[in-house]
> 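Let me begin by handing over the structure; questions about it come next.
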Amino acid sequence: MSIADSRLQFERPIADFDERIARLEAGAEGSPEAREQVRALRRQRNELVRQVYENLEPWETVQVARHPERPKTSDYIDLVFDDFVELHGDRFFGDDRAIRTGFAKLDEQRVMVVGHEKGNDYKQRIACNYGSAHPEGYRKAMAKMRLAAKYGVPIICLIDTPGAFPGIGAEERGQATVIAENMFEMSRLATPIVCIVIGEGGSGGALGIGVGDRVAMLEHSYYSVISPEGCAGILWKSGAYAEQAAKALRFTSKDLPDFGVVDDVIAEPLGGAHRDHHQMAASMHQYLVRAFRTLLRQPIDELLEARYEKFRQMGKYLERLEEEETATTAGQ
Amino acid sequence: METTNESASATSSETTPKFRPKRGVPEGLWRRCPGCRQTIFRKEAERQLGVCPECDYHWYVSARDRISQLLDEGTFEERFTELRPIDPLGFADRKAYAERLKEEQARTGLIDAAITGTGMIRARRVAFGVTDSAFIMGSMGSVVGEKLARLIELATEQQLPLIIVSGSGGGARMHEGILSLMQMAKVSAALARYHEAKGLFISVLTNPTMGGVAASFASLGDIILAEPKALIGFAGPRVIKAAMRIELPKGFQTSEFLLEHGFIDRVVRRRDLKSEIARLIDYCGM
């Protein structure tokens, strides 16, 4: 882990601490004073980790969200659910490995899991295009969500993509159309849907599986209209301004609940989800169980009405009443 | 009602910087066609609804001109003009968004990138919306999303056919961050309800229709029409070129490309749009 961690600039002091602790431990040989020293250092180190992670800059959050050892959809499938039965077919063109779909059990509850997959090693990452899905991926996702709704199975969408794939084939097979159709259909799908941004919530590619009754995000994930690099390239005319763009876009879990876009933020283990997959999975499990306890009790009409209203309220603007010449803030 | 002195200028994606006309600045008697580079007598092009008489290139037309081209004279009643954009993020790139909004409003005479209302198309009453690519690339922020959502709900309540003409090169507006992205979901959800109420949505794609606009309402028409040679797609050509490191095929992401791949129903020339829309409304019996 320390090798990967050292790639992140802001993690260097933590890595230095870990090295010191490891050296001391190796030399301690059971002496009580040395053991006490190690314990004290550990406490200091944990305090440092807490401070670093509580005060991440938006650009640093992006680095954490993209951390190669951050748990992926496949990890959550293993750690949160049981009896996963993967279903592959989009019935149209091909099997996109950038989105995985299948039935699973959340404790005793049957669910449909739909999630972007980034892959855990180089080979997998290539196979799934680093989590950038093609139209067939979004079609597969929608086909399986439809299947779930038919049998009253609730849906969990795990969002983790830098964005929908930008390529010739993707355009030829209707990238814009499939994302639009997914939002259109998900807004009326008669089964509870919970969406969680687990890493990168990249624009339309995220929203293509992002319409639900609850939208949550992990503490160090981000959810944005455009990647910071893309935004910098267009508005600052250079990708080198990604750090500024990251700040300007206000896409971290500190901002998004205030915009009425994200309902809940799921806390990550000390120092980020990549440090403790099991604890992260346990928190997600707990969140999902609690969310479905409420959602599954709601009559479907009410659920759909609330889902519509939830998205209907999004947006900030002024509404000027012509007669009164007064201005009030409307919307969320 | 506000008017715009917007001249028939092309969008930046279609012109080389050398010939790029200053948008919003009144031009002289002549202008250079971005399609064939010929110098065209402006009055003649205007007679042709902003289509080059030499090469049939469909020039940019403003939202106001679009309304007068498609709706019966004097029938348009603008709605939802009370909606004003704000700067919810306190966003600033090289320029503050609040400042940018003021400048765009002054330059285009528009409040934001969309105009919505009701009117008649050959005596058929319709709900009508249009986005103007001159206003921050026609991008969709909270006001565009809210105007369109209200328009769709109005069409649902009054059982009107819905026509939306898209001219949005900018997709979801970056300056309003995640709130712009969510407009895609909001408008799509409103269209889903309209669909359940058996509404007829005719989506008209014009140059350019990209990103979050293409990936929401513009692609959700019961019938989708496009003007010839419009640039339409999800990812911008430059983004794809950079990501794939290859030359893009000729005609990639044009109306004709989309027709060939089955994503639109008809490519319709500007002068035929009005009658085609009227005819389609009749076929669907609305």
Side-chain angles (χ1 to χ4, degrees), chain A residues 163-168 170-177 179-181 183-188 203-204 206-208 210-211 223-226 230-231 234-237 241 244-245 248-251 255-256 259 261 307-308 311-322 327 329-332, chain B residues 81-86 88-94 141-143 145-146 149 171-186 188-193 195-196 211-212 214-220 232-236 239-240 243-244 246 248-249 252-253 257 261-263:
Chain A
F165 194 83
I168 292 173
E171 298 290 322
E172 285 175 340
R173 300 195 290 278
Q175 192 71 286
T177 304
I179 290 171
E181 286 179 346
M183 293 185 296
F184 180 91
E185 212 173 328
M186 286 179 86
S187 74
R188 304 296 292 154
S203 193
L207 200 50
V211 176
Y223 194 2
S224 180
V225 65
I226 187 170
C231 180
I234 297 169
L235 294 181
W236 279 264
K237 311 292 175 202
Y241 291 86
Q244 281 91 325
L249 286 164
R250 296 181 61 188
F251 51 39
D255 281 315
L256 295 184
F259 292 138
V261 170
R307 190 186 302 164
Y308 184 79
F311 285 89
R312 184 66 189 82
Q313 294 307 319
M314 289 182 191
K316 281 185 184 236
Y317 46 82
L318 278 181
E319 193 153 9
R320 203 193 65 183
L321 303 169
E322 307 269 351
T329 307
Q332 279 281 328
Chain B
T81 52
E82 64 277 16
L83 298 173
R84 308 283 147 129
I86 56 171
L89 271 57
F91 190 96
D93 46 84
R94 297 186 302 179
S142 297
V143 166
E146 183 65 21
R173 188 176 298 166
M174 290 174 281
H175 315 72
E176 291 181 31
I178 195 78
L179 294 168
S180 298
L181 189 71
M182 292 303 139
Q183 302 311 306
M184 294 165 62
K186 173 162 108 182
S188 300
L191 282 171
R193 285 198 160 183
H195 173 76
E196 280 183 1
S216 62
F217 64 89
S219 294
L220 290 172
I232 304 162
F234 177 70
V239 175
I240 297 175
M244 311 281 284
I246 50 162
L248 300 173
F252 181 62
Q253 293 184 315
F257 172 89
H261 288 92
F263 290 100

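When reading the values below, keep in mind they use all heavy atoms of this one structure, side chains included, and skip hydrogens, waters and symmetry mates. In what follows, chains carry the letters A, B, and so on, assigned in the order in which the sequence lines appear, proteins first and then strands, with residues in each chain numbered from 1.
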> Can you give me the closest heavy-atom contact between B:Phe252 and A:Gly167, atom names plus distance?
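Closest pair (atom of B:Phe252, atom of A:Gly167, distance): CZ-O, 4.4 Å.
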
> Using non-hydrogen atoms only, which part of B:Phe217 is less than 4.5 Å away from chain A: side chain, backbone, both, or neither?
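Neither part.
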
> Any chance you could lay out the side chain to side chain contact (heavy atoms under 4.5 Å, CB included) test for B:Thr81 and A:Arg320, step after step, and finish with the verdict?
CA-CA 8 Å; B:Thr81 52; A:Arg320 203 193 65 183; over 6 Å; no

> Is chain B contacted by the side chain of A:Ile226, its backbone, both, or neither, given a heavy-atom distance below 4.5 Å?
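Contact with chain B involves the side chain of A:Ile226 alone.
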
> Is there side-chain contact between A:Phe259 and B:Leu89, with at least one heavy-atom pair below 4.5 Å?
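Yes, close enough: below the 4.5 Å cut-off.
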
> Who wins among A:Tyr223, A:Tyr308, A:Phe311, A:Trp236 for the most heavy-atom pairs under 4.5 Å with chain B?
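If we count pairs closer than 4.5 Å to chain B, A:Tyr308 comes out on top.
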
> Do the side chains of B:Leu83 and A:Leu318 get nearer than 4.5 Å, heavy atoms only?
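Result no, sub-4.5 Å side-chain heavy-atom pair not found.
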
> Answer with side chain, backbone, both or neither: which region of A:Ala206 has an atom nearer than 4.5 Å to a non-hydrogen atom of chain B?
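Contact with chain B involves no heavy atom of A:Ala206 at all.
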
> Checking A:Phe165 now: which residues fulfil ring pair (Phe, Tyr, Trp, His ring centres under 6.0 Å) with it, not counting sequence neighbours?
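With neighbours one apart ignored, the set is A:His134.
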
> Report yes if the side chains of A:Thr177 and B:Phe234 come closer than 4.5 Å at any heavy-atom pair, otherwise no.
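In short, these two side chains do not touch, never coming nearer than 4.5 Å.
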
> Show the nearest heavy-atom pair for residues A:Ile168 and B:Ile240, with the distance to one decimal.
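In terms of heavy atoms, the two residues are closest at N-CG2, 4.2 Å.
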
> With heavy-atom distances below 4.5 Å as the criterion, would you say the side chains of B:His195 and A:Arg188 are in contact?
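Contact flag for B:His195/A:Arg188 side chains = no.
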
> Among the options B:Leu191, B:Val143, B:Val239, pick out the one with the most heavy-atom pairs lying under 4.5 Å from chain A.
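When all of B:Leu191, B:Val143, B:Val239 are compared, B:Leu191 has the most.
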
> Pick from A:Gln244, A:Glu185, A:Arg173, A:Glu181: which one has the most heavy-atom pairs with chain B under 4.5 Å?
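Ranked by heavy-atom pairs under 4.5 Å with chain B, first place is A:Arg173.
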
> Report which part of B:Leu220 has an atom under 4.5 Å of a heavy atom belonging to chain A: side chain, backbone, both, or neither.
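Looking at B:Leu220, just its side chain touches chain A.
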
> Spell out, as yes or no, whether a donor-acceptor pair under 3.5 Å connects the side chain of B:Ser142 to the backbone of A:Lys316.
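Answer holds: yes.
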
> Of the backbone (N, CA, C, O) and the side chain (C-beta and beyond), which part of B:Met184 lies under 4.5 Å from a heavy atom of chain A, both, or neither?
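For B:Met184, heavy atoms of backbone and side chain both lie under 4.5 Å from chain A.
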
> Side chain to side chain contact (heavy atoms under 4.5 Å, CB included) between A:Arg250 and B:Phe91: does it pass, once the steps are laid out?
CA-CA 9 Å; A:Arg250 296 181 61 188; B:Phe91 190 96; over 6 Å; no

> At what distance, to the nearest 0.5 angstrom, does CD of A:Glu171 lie from CG of B:Leu248?
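Between atom CD of A:Glu171 and atom CG of B:Leu248 there are 9.5 Å.
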
> Highest number of heavy-atom pairs under 4.5 Å with chain A: which of B:Met174, B:Met244, B:Glu176, B:Glu196?
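If we count pairs closer than 4.5 Å to chain A, B:Met174 comes out on top.
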
> Mind listing the closest non-hydrogen atom pair of A:Ala180 and B:Ser216 along with its distance?
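The answer is CB-O, 3.4 Å.
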
> Check B:Gly177 against A:Val225 and note the closest heavy-atom contact, atom names and distance.
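Scanning both residues completely, I find the closest heavy atoms to be O-CB, 3.4 Å.
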
> Checking B:Ala92 against chain A: side chain, backbone, both or neither under 4.5 Å from a heavy atom?
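Only the backbone of B:Ala92 comes within 4.5 Å of chain A.
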
> Do NZ/NE/NH1/NH2 and the carboxylate oxygens of B:Glu146 and A:Arg312 come within less than 4.0 Å?
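Looking at A:Arg312 together with B:Glu146, the answer is yes, because their closest N to O distance falls below 4.0 Å.
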
> Where does B:Ala190 contact chain A at under 4.5 Å (heavy atoms): side chain, backbone, both or neither?
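Both parts, heavy atoms under 4.5 Å.
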
> Got a donor-acceptor contact below 3.5 angstrom from the B:Gln183 side chain to the A:Met314 backbone?
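Such a contact is found between B:Gln183 side chain and A:Met314 backbone.
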
> Is it true that atom OH of A:Tyr241 has more than 12 heavy atoms of other residues, nucleotides or ligands lying nearer than 6.0 Å?
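No, because the 6.0 Å sphere around OH of A:Tyr241 holds 12 heavy atoms or fewer from other groups.
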
> Determine the option with the most heavy-atom pairs under 4.5 angstrom with chain A, choosing from B:Arg193, B:His261, B:Gln253, B:Arg94.
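That would be B:Arg193.
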
> Show the numbers, then the answer: is there a side chain to side chain contact (heavy atoms under 4.5 Å, CB included) between A:Leu235 and B:His175?
CA-CA 9 Å; A:Leu235 294 181; B:His175 315 72; 3.7 Å; yes

> Kindly indicate whether a cation-pi arrangement holds for B:Arg84 with A:Tyr317, taking the cut-offs as under 6.0 Å to the six-membered ring centre and within 45° of the axis.
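That pair does not qualify as a cation-pi contact.
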
> Between A:Val261 and B:Ile178, is there a side-chain heavy-atom distance shorter than 4.5 Å?
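Heavy-atom side-chain distance check passes, below 4.5 Å.
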
> Do A:Ser203 and B:Leu181 come close enough that some side-chain heavy atom pair is under 4.5 Å?
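The answer is yes; the side chains approach within 4.5 Å.
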
